[in-house]
There are 2 protein chains.
Amino acid sequence: MAIDKSLLTGSTSMLILKLLDGTDMYGYQMIEELRKKSNNAFDLKAGTLYPLLHTLEQKNMLTSYEEVADNARVRKYYSITKHGRQQLKEKKEEWKVYTAAVNDVLGGASFATA
Amino acid sequence: MAIDKSLLTGSTSMLILKLLDGTDMYGYQMIEELRKKSNNAFDLKAGTLYPLLHTLEQKNMLTSYEEVADNARVRKYYSITKHGRQQLKEKKEEWKVYTAAVNDVLGGASFATA
DNA sequence: TTATCATATATAGATTATCTACATATGGAG
DNA sequence: CTCCATATGTAGATAATCTATATATGATAA
């Protein structure tokens, strides 16, 4: 449905951390999962994701390891760290405060329970 | 409370249009109103707002006029146009889709009624 | 009176998070 | 054997903020 991309700024890393909070995943898989879970609202680009994963790893929010899949293809899996989980928690709090503030201005109520 | 500024990207123009949907306002006033209505979550910078107002005027979403206040100070008031109202409506729709999608990924429900 | 603060608008340059475009490589399907 | 989906990656462009700076007036305090 192609939503305004500028609205996405800043929340992508939170969404990635959230995905990895459930299970280890590789990049390509994250793109698919994000699209699926958001009902096609998100279509994260590979050119956005991979550099972001590298950054998150540098910041010790993620660690990575390579694994050979059934089809002999090598995939790079990412795992969330303790620090990453902490950051996720903080980002979720910020997200709640932010959306509540926007909804206050828009005149509607906010009941996000995430 | 100083929320993560990167989360604000893209929604500022929507908030400005919403403010002006109620009544004409001048720049400095918008900054104050936004802070008040968001319970201090938003502290929009003058260096962000004024260029944005100029852009919105160029895009025919706003018109402006000068008015002399009681204290003889000249203020530049902005008024939302029909086109601006239309854009506001669209942006609000996008905002709902976007926050719903994020909340879907975060695993919480979204009930914004704005 | 004079210094300082709040009000009021504005521009320049830096920063950051996206994007598009390109590059590379493999497995599977036709 | 060719093309598409899978899979990861970098370079450069774009867009929306920010900080810093500039200018000017009215109000207030020393």
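Numbered from 1 within each chain, the chains take letters A, B, ... in sequence-line order.
Spacing between atom CE of Met25(A) and atom P of dA7(D) amounts to 11 Å, rounded to whole angstrom units. Residue Leu52(B) contributes atom CG, which lies 14 Å from atom C1' of dA10(C) at whole-angstrom precision. As rounded to whole Å, 14 Å separates atom C1' of dT8(D) from atom CD1 of Ile16(A). Following rounding to the nearest Å, Phe42(B) (CZ) and dT17(D) (P) show an atom-to-atom distance of 11 Å. The distance from atom CZ of Arg35(A) to atom P of dA5(D) is 11 Å, rounded to the nearest whole Å. Tyr28(B) has its OH atom 19 Å from the P atom of dT23(D), to the nearest Å. Atom C1' of nucleotide dT17(D) and atom CG of Leu15(B) are separated by 14 Å, given to the nearest angstrom. The CD1-P distance, from Ile31(A) to dT6(D), rounds to 11 Å in whole Å.
Among the heavy atoms of the strands lying under 4.0 Å from Arg73(B) is at least one base atom, whether or not backbone atoms are also near. If you check every strand for non-hydrogen atoms under 4.0 Å, Gly47(B) touches a base.
When the side-chain nitrogen and oxygen atoms of Ser13(B) are compared with OP1 and OP2 of dA16(D), none of them lie within a distance under 4.0 Å. Between Thr12(B) and dA16(D), a side-chain N or O to OP1/OP2 separation shorter than 4.0 Å is absent. The shortest distance between the side-chain N/O atoms of Tyr26(B) and the OP1/OP2 oxygens of dT9(C) is not below 4.0 Å. Distances shorter than 4.0 Å separate some side-chain N or O of His54(B) from OP1 or OP2 on dT11(C). When the side-chain nitrogen and oxygen atoms of Tyr50(B) are compared with OP1 and OP2 of dA8(C), none of them lie within a distance under 4.0 Å.
Results of the side chain to side chain contact (heavy atoms under 4.5 Å, CB included) test with Ser13(A) over Leu62(A), Leu52(A), Leu53(A) single out Leu52(A) as the only residue that passes.
Side-chain contact annotation: Asp104(B) with Ser38(A), donor-acceptor N/O pair under 3.5 Å absent.
Ion pairing between a basic and an acidic side chain is recognised when a charged N comes within 4.0 Å of a carboxylate O; Lys91(A) and Glu94(A) show no such pairing.
Ring planes of Tyr77(B) and Tyr65(B): parallel class, angle under 30° (limits at 30 and 60°).
Residue Ala46(A) has its side chain nearest to dT8(D) when only dT8(D), dC18(D), dC19(C) are considered. Which of dC18(D), dT11(C), dT18(C) sits closest to the side chain of Lys45(B) comes down to dC18(D). Candidate nucleotides dC18(D), dT9(C), dT25(D) were compared by shortest atom distance to the side chain of Thr48(B), and dC18(D) ranks first.
Here the side chain of Glu33(B) pairs no donor or acceptor atom with the backbone of Leu19(B) at under 3.5 angstrom.
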